[in-house]
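Presented below is the structure to which this report refers.
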Amino acid sequence: MSPPLLKLGAVLSTMAMISNWMSQTLPTLVGLNTTRLSTPDTLTQISPKEGWQVYSSAQDPDGRCICTVVAPEQNLCSRDAKSRQLRQLLEKVQNMSQSIEVLNLRTQRDFQYVLKMETQMKGLKAKFRQIEDDRKTLMTKHFQELKEKMDELLPLIPVLEQYKTDAKLITQFKEEIRNLSAVLTGIQEEIGAYDYEELHQRVLSLETRLRDCMKKLTCGKLMKITGPITVKTSGTRFGAWMTDPLASEKNNRVWYMDSYTNNKIVREYKSIADFVSGAESRTYNLPFKWAGTNHVVYNGSLYFNKYQSNIIIKYSFDMGRVLAQRSLEYAGFHNVYPYTWGGFSDIDLMADEIGLWAVYATNQNAGNIVISQLNQDTLEVMKSWSTGYPKRSAGESFMICGTLYVTNSHLTGAKVYYSYSTKTSTYEYTDIPFHNQYFHISMLDYNARDRALYAWNNGHQVLFNVTLFHIIKTEDDT
């Protein structure tokens with residue numbers, strides 16, 4: 001019990017003792033111990049000449065003690081010794097009444113203090129409960145962020161499982177991912193069971209080690225395409241968007257080119273986030289209109305096919321001017337040898353881990369696809385490979401590690417159907433399906449830095465993840 005409550009109990013106990021003493025002692029002192037009271041509220045009738053009349057003590061609504069005494073006539077006991085005792089008793093009763101009044105005032109004050117403290121305690125209890133709820137909410141948010149980070153790392157497991165060497169390291173990574181996933185799942189069931197900072201550091205450490213492992217990877221063969229992830233919905237049915245595969249890790253600029261013809265405006269965004277929100281950082285007005293949607297940004301410059309020609313243009317974003325242009329000899333243009341969807345997609349410019357490429361068709365090769373490696377500065381053709389796959393039967397194509405991958409359609413049900421290796425000058429038919437979520441693809445290009453496919457899917461800008469069969473380079477191989 002708190003001090004105010006103890007004070008209140010002591011006062012009430014004192015008042016009860018005083019009331020009991022007065023009801024028993026007072027009649028004895030004045031010679032009325034033989035008087036019988038029928039009830040606390042009724043009094044046996046005694047003549048004033050015979051003695052005193054005493055009512056039993058009681059409490060008023062405010063808790064104060066009340067005692068009523070009727071004295072006999074003065075002429076009967078004015079000189080009696082008991083008269084002096086009575087006066088003394090009355091003085092004592094009066095003093096006691098004053099003391100009780102003081103105690104009553106203190107009690108009322110302490111009682112009000114107790115009520116106030118009770119209200120404050122209830123308020124504090126509610127605040128502590130709110131703080132506890134907020135803590136659990138905040139912890140839940142932190143752990144959810146960690147779980148999302150883990151979800152980003154989990155797709156790397158099937159890639160690592162395909163490595164031929166360093167199996168012990170890969171198994172260790174896989175086990176750590178599983179352990180962390182189990183911990184995070186347990187945290188969702190009981191928030192606060194583990195230290196957030198420790199888990200955060202473990203996730204960051206694992207991510208760093210995985211990235212270091214990925215840096216050791218050499219070129220690989222395409223095994224699987226997953227997704228897509230829809231980044232944004234904007235523009236017309238046809239267009240292109242891209243990032244620079246040779247840009248630094250801090251440089252995440254995005255370039256956006258809507259439509260496949262009659263346009264020469266390129267929009268630049270500082271990051272994917274700005275691209276999604278529509279916050280343009282700069283706009284470029286090219287000196288020529290482009291043809292198709294198969295442009296590429298490589299090492300700070302835009303490479304595109306000049307409208308109604310087989311001329312390739314190199315345009316520097318930093319300098320804001322054309323650095324080089326060259327005709328692609330014998331290449332068909334202006335819907336002579338387009339992809340299945342048309343759109344002046346005769347000449348497809350692309351880049352991979354090896355360099356800059358042009359994919360097109362010529363009459364000399366019977367309309368079949370020709371692959372040419374270009375010098376990125378002069379646009380000169382360094383070497384060419386003639387394939388046997390008809391350009392008009394291809395939905396789209398992209399290069400990964402010097403191998404051209406061709407889809408059989410731009411519509412629903414499309415898959416990677418054909419590949420040609422420039423390293424071995426051989427081809428093979430493949431069967432790698434992917435989800436054409438919005439039914440019409442007019443641009444599909446590989447980005448070596450992101451290891452992802454950028455696509456324009458019927459007015460939606462999307463990303464596909466790719467799974468490659470890699471060989472890890474060990475220290476013995478270097």
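We count residues from 1, following the sequence as given.
Looking only at distances, a side-chain donor or acceptor of Ser277 sits under 3.5 Å from a matching main-chain atom of Asp274. One N or O on the side chain of Asp244 and one on the backbone of Asn299 form a donor-acceptor pair closer than 3.5 Å. Side chain of Asn368 to main chain of Asn365: a donor-acceptor pair is present (N/O by atom type, distance under 3.5 Å, no hydrogens or angles). Within the 3.5 Å criterion, the main-chain N or O of Thr236 finds a donor-acceptor partner in the side chain of Trp456. A donor-acceptor distance shorter than 3.5 angstrom exists from the side chain of Ser259 to the backbone of Thr261, with no hydrogens or angles considered. Checking side-chain atoms of Asn335 against main-chain N and O of Phe344 turns up a donor-acceptor pair under 3.5 Å. When atom types are taken as modelled, the side chain of Asn363 and the backbone of Ala366 share no donor-acceptor pair closer than 3.5 angstrom. The main-chain N or O of Gly239 is never found under 3.5 Å from a side-chain atom of Tyr260 such that the two would form a donor-acceptor pair. For Asp346 (side chain) and Val336 (main-chain N/O), a donor-acceptor pair under 3.5 Å exists by modelled atom type. Lys314 contributes a side-chain N or O that, together with a main-chain N or O of Gln376, makes up a donor-acceptor pair within less than 3.5 Å.
Residues Tyr417 and Tyr429 bring their aromatic ring centres within 6.0 Å. For an aromatic pair to be called close, the ring centres must be under 6.0 Å apart, and Tyr427 with Tyr420 fails this. For Trp255 and Tyr284, the ring centers are positioned 6.0 Å apart or more. Taking the ring centroids of His435 and Phe464, they lie at or beyond the 6.0 Å cut-off. In this structure, the ring of Trp341 has its center less than 6.0 angstrom from the ring center of Phe238. A ring-centre distance under 6.0 Å is found for Phe275 and Tyr256. Ring centers of Tyr446 and Phe398: at least 6.0 Å apart, outside the cut-off.
The shortest non-hydrogen separation linking Val462 to Pro228 is CB-CB, 3.8 Å. Here the closest heavy-atom approach between residue Thr243 and residue Arg253 is recorded as CG2-O, 3.4 Å.
Side-chain contact between Phe434 and Ile441 is present, with heavy atoms from C-beta onward closer than 4.5 Å. At a threshold of 4.5 Å between non-hydrogen side-chain atoms, the residues Thr422 and Thr403 do not count as touching. For the pair Gln325 and Ile313, the minimum side-chain heavy-atom distance is below 4.5 Å. Annotation: side chain of Val406 is not in contact with side chain of Val416 (no heavy-atom distance under 4.5 Å). Between Phe304 and Ile312 the shortest side-chain heavy-atom distance does not fall below 4.5 Å. Contact check for Phe317 versus Val297: side-chain heavy atoms found under the 4.5 Å cut-off. Put simply, the side chain of Asp445 does not reach to within 4.5 Å of the side chain of Leu453, judged on heavy atoms. In this structure, Thr283 and Val266 have side chains that are not in contact, with every pair of non-hydrogen atoms separated by 4.5 Å or more.
For the residue pair Ser271 / Asn252, no side-chain donor-acceptor distance below 3.5 Å is found, with atom types taken as modelled. Side-chain contact check for Asn262 and Lys289: at least one donor-acceptor pair (N or O, by modelled atom type) lies under 3.5 Å. Side chain to side chain, His460 and Thr230 fail the donor-acceptor criterion of an N or O pair below 3.5 Å. Between the side chains of Ser372 and Tyr360, at least one donor N or O lies within less than 3.5 Å of an accepting N or O. When only modelled atom types and interatomic distance are considered, Asp348 and Tyr339 share a side-chain donor-acceptor pair under 3.5 Å. For the residue pair Trp290/Asn263, the side-chain donor-acceptor check at 3.5 Å is not satisfied. Side-chain atoms of Ser234 and Gln461 include a donor-acceptor pair closer than 3.5 Å.
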TODO: Show the numbers, then the answer: is there a side-chain contact (heavy atoms from CB on, under 4.5 Å) between Val359 and Ile369?
DONE: CA-CA 7 Å; Val359 173; Ile369 291 177; 3.6 Å; yes

Open item on the list: Run Ser345 and Met443 through side-chain contact (heavy atoms from CB on, under 4.5 Å) and show every step you take.
Closed with: CA-CA 9 Å; Ser345 55; Met443 169 251 179; over 6 Å; no

TODO: Dump the intermediate steps for side-chain contact (heavy atoms from CB on, under 4.5 Å) on Val466 and Met223, then the final yes or no.
DONE: CA-CA 8 Å; Val466 297; Met223 302 297 293; over 6 Å; no

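Comment: Arg267 does not engage Asp258 in a salt bridge, judged by the lack of any side-chain N to carboxylate O separation of less than 4.0 angstrom. A salt bridge links Lys415 to Asp431: one of the charged nitrogens lies within less than 4.0 Å of a carboxylate oxygen. Arg326 and Glu380 are not joined by a salt bridge, as no carboxylate oxygen comes within less than 4.0 angstrom of a charged side-chain nitrogen. Ion pairing between a basic and an acidic side chain is recognised when a charged N comes within 4.0 Å of a carboxylate O; Arg451 and Glu353 show no such pairing.
For the pair Lys232 and Tyr269, the cation-pi test (distance below 6.0 Å, angle within 45°) is passed. Under a cutoff of 6.0 Å and an axis angle of 45°, Lys306 and Phe288 form a cation-pi pair.
Considering Asn457, Thr407, Thr412 as possible partners of Asn436, the one that fulfils the side-chain hydrogen bond (donor to acceptor under 3.5 Å, both in side chains) test is Asn457. With Asn305 as reference, Ile347 is the one residue of Ile347, Asn294, Thr293 to meet the side-chain contact (heavy atoms from CB on, under 4.5 Å) rule.
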